[in-house]
Protein chains: 2
Amino acid sequence: MTRYEQLAQSMAVEIRSGNLAPGARMPSLRQIIAQHGVSQSTVSRAYYLLEQWGLVLAEERSGYYVAPPANAPEAAARASAGESATVDISELVFSVLDAAKQPGIVPLGSAFPSPLLFPLSRLAKSLGQAARNVSPWSTVVDLPPGNENLRRQIALRYLRVGISQPADDIVVTNGALEALNLCLMAVTQPGDIVAVESPGFYVALQAIERLGLRAVEIPVDPTAGLDLDALAQALEKHPIRACWFMTNFQNPTGVTLSAEKKQALVELLARHEVPLIEDDVYGELHYAPNYPPPAMAFDRRGLVMHCGSFSKTLAPGYRVGWASAGRFAERVQRLKLMTTLSASIPVQAGIADYLEHGGYERHLKKIRLALQAQRDAMAGAIRRWLPEGTQQTQPEGGYFLWLRFREPIDAMALHRLAIERGISVAPGPLFSVSHGFENCIRLNYGHPWSPRIEEAIRTLGALLVRPEVRAHD
Amino acid sequence: MTRYEQLAQSMAVEIRSGNLAPGARMPSLRQIIAQHGVSQSTVSRAYYLLEQWGLVLAEERSGYYVAPPANAPEAAARASAGESATVDISELVFSVLDAAKQPGIVPLGSAFPSPLLFPLSRLAKSLGQAARNVSPWSTVVDLPPGNENLRRQIALRYLRVGISQPADDIVVTNGALEALNLCLMAVTQPGDIVAVESPGFYVALQAIERLGLRAVEIPVDPTAGLDLDALAQALEKHPIRACWFMTNFQNPTGVTLSAEKKQALVELLARHEVPLIEDDVYGELHYAPNYPPPAMAFDRRGLVMHCGSFSKTLAPGYRVGWASAGRFAERVQRLKLMTTLSASIPVQAGIADYLEHGGYERHLKKIRLALQAQRDAMAGAIRRWLPEGTQQTQPEGGYFLWLRFREPIDAMALHRLAIERGISVAPGPLFSVSHGFENCIRLNYGHPWSPRIEEAIRTLGALLVRPEVRAHD
């Protein structure tokens, strides 16, 4: 933990314990510098964190005050009430993510798995070697579509599941997030309508908001996946320009579309000439022996833009993903050149080196087993501690569970109370433009099981029966 | 050089020498595989390159044919003739850049300096060490605004020129290109008007095109820089929402705004409440003893969004830049989170390590001296070989020269003839929405001087007197 995080945490303890009451003035920067012997930037940063966590409020020119309990999310909710649904989502997402950033929190609401699950020191070795050996001219040659060796390695992984994807049509990106955004930009103009999942990953909703697009939500059943009939109707009713779906181990439900449904999806979209942006960042984290082939495997028309990443499977923080964008590959490549030029060149070479020599398959086997065991542990704790009748999904890959409670609850209220107790959850309303799913939460089981996590689930169980959390309508 | 590049180059020689005439059918993939003993992907990639260079044309299902001479740029020029000015620029830029990608070309039209000018092996050492030592949790903690140590190092560099920039308001990006794009997104909506320089960097024009914005061009004098009177008039006449200017060693002219003009610029924009996106990627490559302070140094209102990068000064291809976005810092940070999440985390740590321990100042001194000597060598060759009366700028930093010829010429024709002779130049029309500057070219002197470059300048001199290059109107 850095100095400023330590400082912020010690101040957070003072506030939570009640030693510093709501409304009380916080010590000035100068006082803290004198008292703790830290630099000004450390104090500023600590206060910044405390503000992010909703524990203090800044008043211009007069300093910081202790915030009323769980200030940040409530304020965000109030601010968004009068605005349009599409503007809401970012504020809501950021307020929840900021609150959950607090160090030391039990990260059940996080989007990331534990970094300890990854072969980071072996990767560092590959990165160092590749950086030393890469040709100076690669800084020009490896511009988009990207490092040739890496693209060949990715093409080989496609080939293993029977997909013959030319390496030249793969564009390396700064993680899947950039790939998805570039694909969306490649096939839409402001004002266009895009079909997304509901519940679905909030990042898709943010991208739609940012690009001035409109969303049509297609229901996702937590056990059967995307509702294809509803999609067919939406395609008749709206001039949908693109779909953005997650076909394997969907975020947030964990559900996977069957091969038959994937094929039907591809055929339906082909009839309407609508491109599919396929977010498949969790596919390699399958617990069954084989990778469930993505919808792309059924595509004959170049309409599927398949986006993958090493962030969830191998190298978090390295920011290497890719798009296999079918007939849109060149457009995506040019958008990449115009917006961020290229992915980091030594990093591309480093990942390629690891894929060739690092033992990727061995690592994947290990992480899949770990995640499966963690899923089972989480499922057990949910049965032990959460109210009877709670429905949970049983994903066959990835690291997200989706819960629906029998009695109506207010997931935002649960989120706020849980944060005060040092636990984050991802409340259902994050995953929809219309802020439904008040009765649902997403839990992350990407962290090694521990008594602390067990205890956190027990705390959630206790919170769920409190009147503030029960829905009032 | 890779296998496919060698193959492409040997086929290029056959075409250029006339052994394969325009319209002739190229050998099939199968024939080449049999003849050269290479893989199918090598042949595909080689043909891809030949197509990019405009040397062959692909006919669906029937193979490749030798293109008519200099096919690519002409085709692009034809395609763009009937379209709007803003759609033009990307096609024109890509056709010129693609043509100049040809390996072995004398890269006078390139936007990059020689990678050999950079301490790449010392950097690789820092990168390897940082990757090994970085905390696994940094994959979460170093999300935007970015690695704290790196932001502190950047803040220290600001402090050296008297700018007190809190590290917390610096957002680390995938190179300056992303920083500039995020800043532009942060302050504009589709349809808004943005002021740019003319001649100016084509990437600004591409961004404006991509985001559905409109450009107002403000003239840049090759010796005095931006015309502030023209800007003042434009601000009265148009509802300008942002300016995107390069204040130090401007691309393409190399001109630098004086401190007085920078201050006047900041004051003018403050009166109109218009943000300035300040592209300062060449500032550290000054030949005089001191870094010319950017316009940001005069900003009291948080209206200047200063964008910098290590790509031109230290680490090409690493893709690390930043934005100090004043009052827009939080918006830029959120846009970063939503579009590419974060810059590569080990790379951020690696650059920070180099800045602390690698000897950055020593390296900068060396590269500045090298570039200054190359500027002088280029200036001498221009005087020796190019037509009398050719005006050239004399930049005090960076690695671009701007030439204006006395007799009217067609810079696009010069570009095409030069490419056929293995020389790239950046024709003037690239640097303006209105495609003016037909009489100008930009030359890159970022490569160690050599007889080959001298000879290339001599060839340009010979081409400039040919009738195809003389303007006809």
Side-chain angles (χ1 to χ4, degrees), chain A residues 2 5 41 44-45 48 90 94 101 110 112 115-116 118 120-121 123-125 127-129 131-132 134 136-142 148 152 166-168 173-175 177-178 181 185 189-190 203 206-207 210 212 316-320 334-335 337-347 350, chain B residues 2 41 44-45 48 90 94 101 103 110 112 115-116 118 120-121 123-125 127-129 131-132 134 136-142 148 152 166-168 173-175 177-178 181 185 189-190 203 206-207 210 212 316-320 334-335 337-347 350:
Chain A
T2 62
E5 287 168 341
S41 76
S44 315
R45 186 88 181 112
Y48 176 83
S90 269
F94 284 121
K101 250 185 177 175
S110 166
F112 303 103
L116 306 176
F118 300 94
L120 295 179
S121 61
L123 259 178
K125 194 180 147 202
L127 179 57
Q129 273 176 359
R132 276 192 301 279
V134 83
W137 298 99
S138 66
T139 54
V140 181
V141 173
D142 284 356
E148 201 192 359
R152 195 164 38 227
D168 289 347
T173 58
N174 299 101
L177 181 58
E178 182 179 43
N181 272 298
M185 281 198 278
Q189 296 290 328
V203 153
Q206 289 180 314
R210 192 172 48 75
Y318 276 55
R319 308 304 304 140
V320 176
R334 287 185 166 195
L335 283 168
L337 269 168
M338 287 194 281
T339 52
T340 64
L341 192 62
S342 118
S344 180
I345 280 161
V347 172
Chain B
T2 64
S41 75
S44 312
R45 186 88 181 111
Y48 175 83
S90 269
F94 284 123
K101 252 185 177 176
S110 165
F112 303 104
L116 305 176
F118 300 94
L120 295 179
S121 60
L123 259 178
K125 195 180 147 202
L127 179 56
Q129 273 177 358
R132 276 191 302 280
V134 83
W137 298 100
S138 67
T139 54
V140 181
V141 173
D142 284 355
E148 201 193 0
R152 196 165 37 225
D168 290 347
T173 58
N174 299 103
L177 181 58
E178 183 179 44
N181 271 298
M185 281 197 279
Q189 296 290 327
V203 154
Q206 289 180 314
R210 192 173 47 77
Y318 276 55
R319 308 303 304 140
V320 176
R334 288 187 165 194
L335 283 168
L337 270 168
M338 287 195 279
T339 52
T340 64
L341 192 61
S342 117
S344 181
I345 280 162
V347 172

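The sequence lines fix the lettering, A, B, ..., with proteins before strands; numbering per chain opens at 1.
- Exactly one of B:Leu123, B:Leu127, B:Leu120 qualifies for a side-chain contact (heavy atoms from CB on, under 4.5 Å) with A:Pro346. That residue is B:Leu127.
- Comparing B:Gly350, B:Ala343, B:Ala124, B:Ser121 by heavy-atom pairs within less than 4.5 Å of chain A, the highest count is held by B:Ala124.
- Heavy-atom minimum distance, A:Pro115 versus B:Pro136: CB-O, 3.3 Å.
- Residue with the most contacts toward chain B among A:Pro190, A:Gly175, A:Ser342: A:Ser342 (heavy-atom pairs, distance under 4.5 Å).
- Contacts between A:Leu337 and chain B at a heavy-atom distance below 4.5 Å involve backbone atoms as well as side-chain atoms.
- Closest approach of A:Leu177 to B:Leu341, counting heavy atoms only: CD2-N, 3.5 Å.
- When every heavy atom of A:Asn181 is checked against every heavy atom of B:Met338, the shortest pair comes out as ND2-O, 3.1 Å.
- Between chain A and the options B:Gly128, B:Ser344, B:Ala131, the largest number of non-hydrogen pairs under 4.5 Å is found for B:Ser344.
- Of the atoms belonging to A:Val320, not a single heavy atom falls under 4.5 Å from chain B.
- When heavy atoms are compared at a cutoff of 4.5 Å, B:Tyr318 approaches chain A by way of both its backbone and its side chain.
- Heavy atoms of B:Arg334 lying under 4.5 Å from chain A belong to its backbone as well as its side chain.
- Within the 4.5 angstrom heavy-atom criterion, atoms from both the backbone and the side chain of A:Asn174 approach chain B.
- Residues forming a side chain to side chain donor-acceptor pair (under 3.5 Å) with B:Glu148 (at least two apart in sequence, or on another chain): none.
- Residues forming a salt bridge (charged side-chain N to carboxylate O under 4.0 Å, His left out) with A:Arg210 (at least two apart in sequence, or on another chain): none.
- Taking OG1 of B:Thr339 as the reference point, atom CD of A:Gln206 lies at 10.5 Å (rounded to 0.5 Å).
- For B:Val134, no part sits under 4.5 Å from any heavy atom of chain A, backbone or side chain.
- Contacts between B:Pro166 and chain A at a heavy-atom distance below 4.5 Å are absent for every atom of the residue.
- Between B:Glu178 atom CD and A:Glu178 atom CD the span is 7.0 Å, to the nearest 0.5 Å.
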